[in-house]
Participant: 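Structure incoming, see below.
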There are 4 protein chains.
Amino acid sequence: MGNSFGRVFRISTFGESHGKAIGVIVDGCPAGLEIDEAFIQKELERRKPGQSKITTQRKEGDEVEILSGTFEGKSTGTPISMLIRNQDQKSKDYSHIAESFRPSHADFTYQAKYGLRDYRGGGRSSARETAARVAAGAIAKLLLKHYGVQINAYVSQVGEIKLDKPYQQLDLSQTDSNIVRCPDAALAEQMIGYIDLIRKERDTVGGIVSCVVKNTPVGLGEPVFDRLHADLGKAMLSINAVKGFEYGSGFAGIALRGSQHNDEFYTEEGKVKTKTNHSGGIQGGISNGEDIYFKVAFKPVATIMQDQASINEAGEAVTVSGKGRHDPCVVPRAVPIVEAMCALVLADHLLLNKLNKL
Amino acid sequence: MGNSFGRVFRISTFGESHGKAIGVIVDGCPAGLEIDEAFIQKELERRKPGQSKITTQRKEGDEVEILSGTFEGKSTGTPISMLIRNQDQKSKDYSHIAESFRPSHADFTYQAKYGLRDYRGGGRSSARETAARVAAGAIAKLLLKHYGVQINAYVSQVGEIKLDKPYQQLDLSQTDSNIVRCPDAALAEQMIGYIDLIRKERDTVGGIVSCVVKNTPVGLGEPVFDRLHADLGKAMLSINAVKGFEYGSGFAGIALRGSQHNDEFYTEEGKVKTKTNHSGGIQGGISNGEDIYFKVAFKPVATIMQDQASINEAGEAVTVSGKGRHDPCVVPRAVPIVEAMCALVLADHLLLNKLNKL
Amino acid sequence: MGNSFGRVFRISTFGESHGKAIGVIVDGCPAGLEIDEAFIQKELERRKPGQSKITTQRKEGDEVEILSGTFEGKSTGTPISMLIRNQDQKSKDYSHIAESFRPSHADFTYQAKYGLRDYRGGGRSSARETAARVAAGAIAKLLLKHYGVQINAYVSQVGEIKLDKPYQQLDLSQTDSNIVRCPDAALAEQMIGYIDLIRKERDTVGGIVSCVVKNTPVGLGEPVFDRLHADLGKAMLSINAVKGFEYGSGFAGIALRGSQHNDEFYTEEGKVKTKTNHSGGIQGGISNGEDIYFKVAFKPVATIMQDQASINEAGEAVTVSGKGRHDPCVVPRAVPIVEAMCALVLADHLLLNKLNKL
Amino acid sequence: MGNSFGRVFRISTFGESHGKAIGVIVDGCPAGLEIDEAFIQKELERRKPGQSKITTQRKEGDEVEILSGTFEGKSTGTPISMLIRNQDQKSKDYSHIAESFRPSHADFTYQAKYGLRDYRGGGRSSARETAARVAAGAIAKLLLKHYGVQINAYVSQVGEIKLDKPYQQLDLSQTDSNIVRCPDAALAEQMIGYIDLIRKERDTVGGIVSCVVKNTPVGLGEPVFDRLHADLGKAMLSINAVKGFEYGSGFAGIALRGSQHNDEFYTEEGKVKTKTNHSGGIQGGISNGEDIYFKVAFKPVATIMQDQASINEAGEAVTVSGKGRHDPCVVPRAVPIVEAMCALVLADHLLLNKLNKL
């Protein structure tokens with residue numbers, strides 16, 4: 001259970017880190033959408049390991065194969081399934097984790113929940129699963145593009161290095177111009193230097209991914225439980241290592257007064273707008289046409305290249321040593337994942353909203 | 001759409017603020033649970049308006065009637081439906097909102113989404129709907145109590161007045177001993193004074209509700225999408241006025257290093273435990289038996305007793321004046337709502353987890 | 001579990017035969033639909049007991065109250081909840097079934113499944129629950145009417161008295177002109193006489209309800225699992241006492257050859273049509289615009305006014321005696337129930353089909 | 001939409017007849033189940049084309065590859081995905097159906113619903129999709145076997161050749177001993193001869209598959225909508241070419257009287273049993289422990305080796321000629337499909353029923 005997301009634009013992912021393959025089925029993509037395979041592959045490359053010196057040096061091809069659901073370049077309304085074969089899934093030495101529980105990993109909880117676990121590379125709990133989300137998210141992005149919606153995520157914090165400018169002052173087209181995916185070039189340099197330092201110290205650090213959505217139609221969101229921001233929040237919190245979510249004024253907004261926080265309506269060229277946007281583009285759980293913006297907090301990666309005290313399955317004290325090649329900071333590679341999950345939520349709500357009027 | 005929550009312990013709410021009634025169906029409550037009606041009513045009274053000088057002075061009886069699903073005091077496995085009749089739903093003057101959009105309310109988005117709206121008291125978008133959640137949450141609490149799980153929410157911030165102590169240093173049994181529901185008596189006084197001041201200034205202010213869950217069994221949470229904290233996050237973000245959610249180390253955790261953040265395992269009396277709990281009791285989306293704790297950010301209430309510039313349905317500039325009796329700060333009454341939504345998530349996952357092993 | 005039906009036009013029913021009330025929430029009705037309350041009440045009256053000498057003489061008012069989801073006579077897009085209070089639910093003597101299992105009733109299976117049961121009048125397993133379906137189905141019918149779809153069910157068999165004419169030779173507007181709801185007046189007389197005879201013999205008999213849907217748009221049905229006829233079949237089989245379902249050529253079609261059974265396409269005034277309609281208006285699980293027609297088999301009612309051998313909860317042999325006033329044949333009152341369930345399926349698919357194209 | 005089946009034991013299938021592959025994800029299989037790959041392959045071989053002279057002579061390997069969800073031979077609680085590559089999917093000549101609508105096929109309805117279609121071999125509407133169901137059903141069968149439940153389907157009618165004996169008089173272990181899968185050897189010969197004749201006449205014929213389930217635990221089925229037989233009915237009606245479903249006394253039961261039809265309870269060795277079983281093992285939608293039995297009607301295959309009049313996409317009259325190699329009668333190969341869908345329904349309900357008691 002728990003491996004599907006969305007209601008009418010619905011994905012189901014499968015696969016373990018070191019099994020034969022991972023993949024995803026997208027059910028509910030309307031027929032007639034042009035499916036640009038090169039775009040899907042490009043999105044996967046933004047997420048894949050080994051893309052720069054501040055990400056894990058592990059090499060994975062992450063080549064996606066579409067198995068169904070398209071014909072002559074277009075979606076047919078039937079399930080679009082995509083497969084990514086794992087490479088090197090054999091022959092590794094997992095004795096260090098086969099019987100031990102790595103601190104702040106899912107080894108213990110999976111073992112307790114299921115009574116057994118595929119320990120190779122973390123199995124299903126590995127962030128490798130997010131590659132399937134990025135592939136599905138690419139389809140959602142193509143659908144949203146058809147309707148003019150645009151999603152831009154970027155790194156706004158690494159450790160204590162913070163991008164304090166509001167997104168309106170940033171050139172979000174510059175996000176991918178540096179390896180940390182921060183649209184402020186100077187700050188990006190600082191972040192890169194800091195992550196490199198952390199990596200050399202065989203440690204890890206957390207960060208924040210911010211996301212802005214422009215051109216959302218008015219009306220997306222299904223109160224009372226499936227408010228647009230509630231679904232965005234769940235989507236983000238379902239990504240590995242995420243510890244918090246806020247949208248619009250967020251946690252900072254609580255110190256404001258209503259008279260400061262309320263967004264005044266006005267009309268411009270026949271369109272309803274608000275003077276401020278503390279609401280973050282969502283009122284009563286429904287998009288109001290203003291920009292949607294939110295922040296996602298990622299904890300420091302649990303795998304560190306240091307010895308740590310832990311226990312094994314028998315409950316005995318053991319030492320767990322970091323092995324392999326891992327990310328010192330997850331946020332640069334998380335940018336396309338945040339965008340993908342955001343796209344999946346919006347695609348689902350865009351379709352759902354077709355049902356609300358006669 | 002969007003009026004149901006949960007998968008196997010599933011609630012569906014209905015009703016508008018000034019319609020005939022609000023209510024809820026609880027489907028999936030196991031048979032044989034003692035249904036303590038007095039307890040349900042008591043929970044509703046913790047939420048109801050008019051309970052103190054710092055809440056709205058509106059009077060509502062909020063008397064719950066169980067219509068089905070119980071027999072001789074026990075649940076029968078059939079849907080438990082509960083009804084709360086609205087009082088005074090007639091005869092009010094709504095001319096001030098019938099055709100105008102109140103700033104930062106859902107008037108505009110509902111009108112745009114559905115093409116028409118029940119404007120009386122905000123209709124379905126009113127927080128009155130949360131009374132139905134509290135009634136359903138009371139059933140969930142009874143189920144959790146049967147399994148030994150305990151949920152305690154409390155107010156930890158009002159405006160900039162912050163309760164900085166970790167929850168371990170608080171006596172959570174004291175939460176309801178004051179009207180602001182902050183377990184620290186001295187700080188509670190400050191908060192009460194501040195809210196009273198805000199009220200006199202005809203304004204509103206935001207705040208934070210914190211929540212602690214003790215005795216959760218190991219294994220709750222369904223990766224990869226229905227992680228326990230992802231469902232908690234969605235549940236909280238579905239409450240009116242919520243802008244943010246974090247659990248465990250939350251947003252503050254991002255500045256830590258992995259070597260500081262990781263929770264070391266050890267064994268105590270045959271039980272697996274962690275020395276620290278930055279994970280917030282959830283690892284890989286699954287409860288690990290440690291305390292679950294999280295924070296929920298509430299924005300300042302949008303209804304203020306002041307004149308505000310806005311527009312009407314025709315797009316013309318108008319002045320909207322605050323009328324009626326409203327909460328200057330929502331968090332004291334939000335405490336039972338946060339607990340209710342938390343209970344609903346846990347009850348659902350507790351049942352789901354029965355399915356994971358042979 | 002199991003008390004909801006539909007995906008995007010979704011109903012949830014609640015209530016026991018002799019509890020306080022039964023009712024239903026309709027979630028997903030598009031906004032702006034005129035809700036004709038008198039029509040809903042009229043549908044309930046077609047189903048209610050005591051309407052003629054061949055139905056049970058029990059008297060129930062079955063007055064429906066709409067609690068939410070409408071405003072100024074129109075649906076608002078929020079959940080429409082409807083309540084039907086039970087009358088006389090107290091004070092009866094149930095000692096004869098409190099501890100015994102009536103043959104071919106749900107007493108034993110409910111007891112075994114849930115460990116306890118509300119035995120009064122069969123509790124949740126009573127066909128009384130179908131009143132809630134009829135109320136919800138009336139909303140679905142109003143939606144379908146808006147789109148021009150027309151549903152007509154009628155009694156085509158009672159015991160061995162069979163209406164052998166194809167529906168095209170019947171005047172379906174005459175169905176309600178007699179108390180057995182058979183559009184052939186002569187045969188209706190025979191059926192009424194037969195049911196009356198059965199009643200006098202303190203016995204019961206089964207029958208068939210046929211149903212015809214005209215003007216269904218092309219394209220309804222979601223392969224591969226949610227084929228239109230699969231959902232119709234489930235809907236019908238979920239009605240109390242139903243033992244079989246067939247559509248189009250049905251069971252008789254198996255003896256035909258492909259060359260006889262295939263429906264040849266042709267074009268008439270630019271519209272694609274078929275010369276025959278063995279397909280029953282559905283091909284590949286999707287409506288093709290031809291009439292949809294199907295049959296539903298109802299077993300003889302289990303409650304008979306005779307002594308029967310059975311066992312009690314302790315497993316001891318007992319005699320169960322029929323008491324109260326029951327239907328000798330269920331099909332006349334089943335006609336509006338079949339129509340209601342059919343309407344619910346079509347409304348759901350009509351909305352779902354809005355999602356299949358860009 | 002519509003490509004998933006089940007709630008807590010849930011499958012999602014994908015793939016077109018002549019695309020790259022078909023496959024299925026099984027989500028919700030409990031952890032720790034031994035996954036016998038050879039058994040899955042064997043089930044597929046019972047369904048595959050080319051297995052005898054009375055099935056299509058098309059050759060497909062139908063080799064299944066498990067991509068995820070198992071570890072060291074056991075299920076891990078994560079999604080089990082299975083892939084079956086299509087062979088020869090290229091290079092065929094589809095000009096005869098690319099623009100024409102074959103009578104009683106899904107060509108027209110798919111085109112109308114989606115605006116475009118993958119016409120190669122029927123695309124998604126092809127019965128090839130049922131191979132994925134058989135693979136998933138094999139997992140369900142393994143789960144049911146663990147709980148002692150046994151499913152046996154067999155051919156009971158071909159055209160007008162009928163197996164009139166009740167299943168209790170048959171040796172169901174003999175079903176697979178002949179190519180038509182009828183457990184009565186003499187009648188099997190007749191059926192085979194008849195199908196062969198039909199084949200030579202370039203025509204097709206329908207038939208019935210009967211199914212018996214033994215050892216079902218008491219309590220499966222979720223009233224009021226998800227009654228066990230309602231879900232069985234939907235499952236069967238979702239199989240290509242199915243036109244009808246009945247269980248227990250079925251359509252024949254309607255002519256009985258209640259006094260004849262009711263199943264009297266008695267106790268044997270502390271177990272509640274019924275003397276007759278017109279109920280078909282299900283009462284009030286819940287299994288009562290008696291044998292479950294039902295019948296599924298299949299129409300004659302639409303593809304015949306004869307010229308037929310039809311229209312093309314432009315609405316012009318055309319002649320469609322049968323090409324390729326097709327089944328003259330679908331029921332022998334439908335036996336494992338009926339068993340698979342039955343197993344999926346029972347597995348889902350078996351798990352759901354774990355939730356009904358405290």
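Quick note on labels: first sequence line is chain A, next is B, and so on, each numbered from 1. Values below: all heavy atoms of this structure, side chains included; hydrogens, waters and symmetry mates excluded.
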Participant: May I ask you to name which of D:H278, D:Q111, D:Q157, D:E246 has the most heavy-atom pairs under 4.5 Å with chain C?
Facilitator: D:E246
Participant: Could you tell me the separation between the CD1 atom of C:I311 and the OG1 atom of D:T274, rounded to the nearest 0.5 Å?
Facilitator: 10.0 Å
Participant: With a distance cut-off below 6.0 Å to the six-membered ring centre and an angular limit of 45° from the axis, does D:K357 pair with C:Y114 as a cation-pi contact?
Facilitator: no
Participant: Would C:K113 and D:V218 satisfy side-chain contact (heavy atoms from CB on, under 4.5 Å), going step by step from the backbone distance to the final call?
Facilitator: CA-CA 7 Å; C:K113 183 178 185 73; D:V218 181; over 6 Å; no
Participant: How close do C:G250 and D:A297 get, heavy atom to heavy atom, and via which atoms?
Facilitator: O-CB, 4.4 Å
Participant: So what's closer than 4.5 Å to chain D heavy atoms on C:F5: side chain, backbone, both or neither?
Facilitator: both
Participant: Which bit of C:S249 is near chain D, if near means a heavy-atom gap under 4.5 Å: side chain, backbone, both or neither?
Facilitator: both
Participant: With no hydrogens and no angle check, is any side-chain donor or acceptor of D:T204 less than 3.5 Å from a backbone partner on C:G258?
Facilitator: yes
Participant: Under 4.5 Å from any heavy atom of chain D, what part of C:Q260 do you find: side chain, backbone, both or neither?
Facilitator: neither
Participant: Pick whichever of D:G2, D:G221, D:G206 has the most heavy-atom pairs under 4.5 Å with chain C.
Facilitator: D:G2
Participant: Is chain C contacted by the side chain of D:R227, its backbone, both, or neither, given a heavy-atom distance below 4.5 Å?
Facilitator: side chain
Participant: Counting only heavy atoms not in D:K162, do more than 12 fall under 6.0 Å of its NZ?
Facilitator: no
Participant: With a 4.5 angstrom heavy-atom cut-off, which part of C:M236 approaches chain D: side chain, backbone, both or neither?
Facilitator: neither
Participant: Answer with side chain, backbone, both or neither: which region of C:E201 has an atom nearer than 4.5 Å to a non-hydrogen atom of chain D?
Facilitator: side chain
Participant: Working to the nearest 0.5 Å, report the span between CD1 of D:I208 and CZ of C:F251.
Facilitator: 5.5 Å
Participant: Please classify the contact of D:S310 with chain C as side chain, backbone, both or neither, using a heavy-atom distance under 4.5 Å.
Facilitator: both
Participant: Just give me the residue among D:N288, D:V272, D:I254, D:T303 that pairs up with chain C most often, heavy atom to heavy atom, under 4.5 Å.
Facilitator: D:I254
Participant: Would you give the length of the straight line joining atom CG of C:L352 to atom CE of D:M1, rounded to the nearest 0.5 angstrom?
Facilitator: 5.0 Å
Participant: Please look at D:D203 and chain C and tell me whether the side chain, the backbone, both or neither of the residue comes under 4.5 angstrom of a heavy atom of that chain.
Facilitator: side chain
Participant: Sub-3.5 Å donor-acceptor pair from the side chain of C:T109 to the main-chain atoms of D:Q283, do we have one?
Facilitator: yes
Participant: I'd like to know if the side chain of C:K243 reaches the main chain of D:G280, judged simply by a donor and an acceptor atom lying under 3.5 Å from each other, with no hydrogens or angles considered.
Facilitator: no
Participant: Is it the side chain or the backbone of C:S287 that comes within 4.5 Å of chain D heavy atoms, both, or neither?
Facilitator: backbone
Participant: Could you tell me which of C:G233, C:G115, C:G289, C:A309 has the largest number of non-hydrogen atom pairs under 4.5 Å with chain D?
Facilitator: C:A309
Participant: What part of C:V242 gets closer than 4.5 Å to chain D, counting heavy atoms only: side chain, backbone, both or neither?
Facilitator: backbone
Participant: With chain C, which of D:K275, D:R133, D:H229 has the greatest number of heavy-atom pairs at distances under 4.5 Å?
Facilitator: D:R133
Participant: Can you tell me if D:K299 uses its side chain to pair, donor with acceptor, with the backbone of C:S279 under 3.5 Å?
Facilitator: no
Participant: Using a cut-off of under 4.5 Å for heavy-atom pairs, which of C:G253, C:G315, C:G207 has the most such pairs with chain D?
Facilitator: C:G207
Participant: Please state whether the side chain, the backbone, both or neither of D:V331 comes within less than 4.5 Å of a heavy atom of chain C.
Facilitator: neither
Participant: With no hydrogens and no angle check, is any side-chain donor or acceptor of C:S104 less than 3.5 Å from a backbone partner on D:D263?
Facilitator: yes
Participant: By a 4.5 Å heavy-atom criterion (distance strictly below it), what part of C:R202 contacts chain D: side chain, backbone, both, or neither?
Facilitator: neither
Participant: Under a 4.5 Å heavy-atom cutoff, which of D:A106, D:G244, D:G122 has the most pairs with chain C?
Facilitator: D:G244
Participant: What pair of heavy atoms forms the shortest contact from D:L256 to C:P300, and how long is it?
Facilitator: O-CG, 3.5 Å
Participant: Quick one: what part of C:N240 sits under 4.5 Å from any heavy atom of chain D, side chain, backbone, both or neither?
Facilitator: both
Participant: Heavy-atom distances under 4.5 Å only: say whether D:S4 touches chain C with side chain, backbone, both or neither.
Facilitator: backbone
Participant: Any idea which of C:Q308, C:E160, C:H261 has the most non-hydrogen atom pairs under 4.5 angstrom with chain D?
Facilitator: C:H261
Participant: Please answer whether the main-chain N or O of C:G284 pairs with a side-chain N or O of D:S125 as donor and acceptor at a distance below 3.5 Å.
Facilitator: no
Participant: Considering only heavy atoms from C-beta outward, does the side chain of C:D226 approach that of D:K234 to under 4.5 Å?
Facilitator: yes
Participant: Looking at CZ of D:R257 and CD1 of C:I198, how far apart are the two atoms once the value is rounded to the nearest 0.5 Å?
Facilitator: 3.5 Å
Participant: Let me know if D:Y194 has heavy atoms under 4.5 Å from chain C in its side chain, its backbone, both or neither.
Facilitator: side chain
Participant: Please state whether the side chain, the backbone, both or neither of D:F245 comes within less than 4.5 Å of a heavy atom of chain C.
Facilitator: both
Participant: Measure the spacing between CG of D:L237 and CZ of C:F294 and express it to the nearest 0.5 Å.
Facilitator: 11.5 Å
Participant: Please rank D:F225, D:Y266, D:F101, D:F108 by heavy-atom pairs under 4.5 Å with chain C and give me the top one.
Facilitator: D:F225
Participant: Quick one: are C:R124 and D:P223 in side-chain contact, heavy atoms under 4.5 Å?
Facilitator: no
Participant: Contact part of D:A317 toward chain C, heavy-atom cut-off under 4.5 Å: side chain, backbone, both or neither?
Facilitator: neither
Participant: Enter the distance from C:S238:OG to D:D231:CG here, rounded to the nearest 0.5 Å.
Facilitator: 9.5 Å
Participant: Using a cut-off of under 4.5 Å for heavy-atom pairs, which of C:V301, C:V205, C:N356 has the most such pairs with chain D?
Facilitator: C:N356
